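Report on one structure; see the data block that follows.
What you are looking at is a predicted structure, and each value in this text was computed from that prediction instead of being measured.
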Amino acid sequence: VERVIAQNGGDFELSIHYRGTDKTYESSKIQFNEIFDACRQILDKHPARTAFLATDEPTFADAIRLEFPSLAFVSFEFAMPSGPGVPRHFSDMSATQKSTEALVNMQLLSRSRHLVRTSSYLSAISCLLNENMEVVTVGRLYDAGSFPERQIHDAQRDRNRRS
């Protein structure tokens, strides 16, 4: 984590976590443009040259790079799973690779001033690791009152009140 942060000049201004694949069991399907719009609102106020990107959706990774060609996207992945649309946590990657990727990505997402995310425990833990991060959760959660989404929502509400 520290090596990636140092190679990119410090903490990220913007991190993005787009969880696709099987996430529709917990929240509405998020259109790429919804994420792009949230990123654009942040970048208009807080320009950046690099952004951290964590996603299990290769088509999203390609699309966001095309949408923001001036941004250098940094990601941490060992490999892409063999089947298209296969969630990383169900892929043929080794358990060590999956767990290491998840832990490193949680830490890297938390090393950001702003996070645009879809519902996921991976990015939720990142929010809990950095209570000062500005968080935008895109999409409608089916159970927004459960842990940890409720804590993220409450922390963001409290942060906005103090601003």
Side-chain angles (χ1 to χ4, degrees), residues 1 4-5 8-77 80 85 87-89 101-102 104-163:
V1 170
V4 171
I5 293 297
N8 290 284
D11 290 352
F12 296 96
E13 186 68 43
L14 174 65
S15 288
I16 302 111
H17 182 232
Y18 182 88
R19 169 92 187 274
T21 60
D22 64 338
K23 202 58 191 174
T24 55
Y25 296 118
E26 297 168 28
S27 66
S28 60
K29 177 73 174 165
I30 308 304
Q31 300 301 312
F32 294 172
N33 282 337
E34 294 177 73
I35 299 291
F36 300 162
D37 290 345
C39 291
R40 200 169 285 107
Q41 287 178 19
I42 292 166
L43 291 168
D44 285 349
K45 295 177 186 172
H46 308 278
R49 289 181 287 174
T50 61
F52 183 73
L53 172 64
T55 185
D56 62 347
E57 186 97 20
T59 55
F60 177 78
D62 293 340
I64 198 164
R65 284 180 171 95
L66 287 173
E67 187 71 20
F68 298 97
S70 64
L71 272 180
F73 287 94
V74 177
S75 294
F76 183 84
E77 300 172 330
M80 287 308 294
R88 295 185 82 73
H89 56 284
E101 264 191 21
V104 170
N105 277 303
M106 285 178 204
Q107 287 287 327
L108 288 170
L109 286 167
S110 78
R111 298 290 298 267
S112 181
R113 290 172 188 83
H114 301 90
L115 172 63
V116 174
R117 64 183 287 268
T118 58
S119 175
S120 170
Y121 280 112
L122 190 139
S123 57
I125 297 302
S126 301
C127 297
L128 299 176
L129 290 171
N130 181 356
E131 64 184 26
N132 296 315
M133 183 166 50
E134 296 286 331
V135 179
V136 176
T137 302
V138 179
R140 184 177 56 83
L141 303 174
Y142 299 145
D143 186 9
S146 65
F147 177 84
E149 297 298 339
R150 168 54 58 202
Q151 286 72 15
I152 294 165
H153 175 269
D154 290 350
Q156 190 63 41
R157 182 198 62 222
D158 295 345
R159 200 173 298 108
N160 290 339
R161 283 183 185 159
R162 288 190 302 264
S163 298

Taking all non-hydrogen atoms of both residues into account, name the closest pair between Asn105 and Ala54 and its distance. OD1-CB, 3.8 Å
Could you go step by step and tell me if Arg111 and Val1 meet the side chain to side chain contact (heavy atoms under 4.5 Å, CB included) rule? CA-CA 9 Å; Arg111 298 290 298 267; Val1 170; 4.1 Å; yes
Just verifying a value: how many Å separate Ser110 OG and Phe12 CZ, rounded to the nearest 0.5 Å? 10.5 Å
Of all the heavy-atom pairs spanning Phe68 and Cys39, show the shortest one and how long it is. CZ-CB, 3.9 Å
For Ser15 and Leu108, the nearest pair of non-hydrogen atoms, with its separation, is OG-O, 4.0 Å
CG on Asn132 to OG on Ser112, rounded to 0.5 Å: 12.0 Å
How long is the straight-line distance from CG of Leu115 back to CD1 of Ile42, given to the nearest 0.5 Å? 8.0 Å
Would the distance check show the side chain of His114 and the main-chain N or O of Leu14 forming a donor-acceptor pair, the cut-off being under 3.5 Å? no
Atom CG in Asn33, atom CD in Glu67: separation rounded to 0.5 Å? 6.5 Å
Should we count CD of Glu131 as having more than 12 external heavy atoms under 6.0 Å? no
To check you understand the geometry: which heavy-atom pair defines the closest contact between Thr137 and Ser119, and what is its length? CG2-N, 4.5 Å
Step by step, would you call Arg117 with Val135 a side chain to side chain contact (heavy atoms under 4.5 Å, CB included)? CA-CA 8 Å; Arg117 64 183 287 268; Val135 179; 3.7 Å; yes
What closest approach, in Å, do Ser123 and Thr118 show between heavy atoms, and which atom pair accounts for it? OG-O, 3.4 Å
If you apply the rule side chain to side chain contact (heavy atoms under 4.5 Å, CB included), what do you find for His17 with Ser126, and how did you get there? CA-CA 10 Å; His17 182 232; Ser126 301; over 6 Å; no
Specify the closest pair of heavy atoms between Phe52 and Phe76, including all atoms of both residues, with the distance to one decimal. CE1-N, 3.9 Å
Atom pair CZ (Arg65) and CZ (Phe60), whose distance is rounded to the nearest 0.5 Å: 10.0 Å
Can you tell me how far apart CG (Asp37) and CD (Gln31) are? Round to the nearest 0.5 Å. 11.5 Å
Test side chain to side chain contact (heavy atoms under 4.5 Å, CB included) on Thr55 and Ile64 and set out the steps. CA-CA 11 Å; Thr55 185; Ile64 198 164; over 6 Å; no
Heavy-atom donor-acceptor pair, Tyr18 side chain to Ile30 backbone, under 3.5 Å: yes
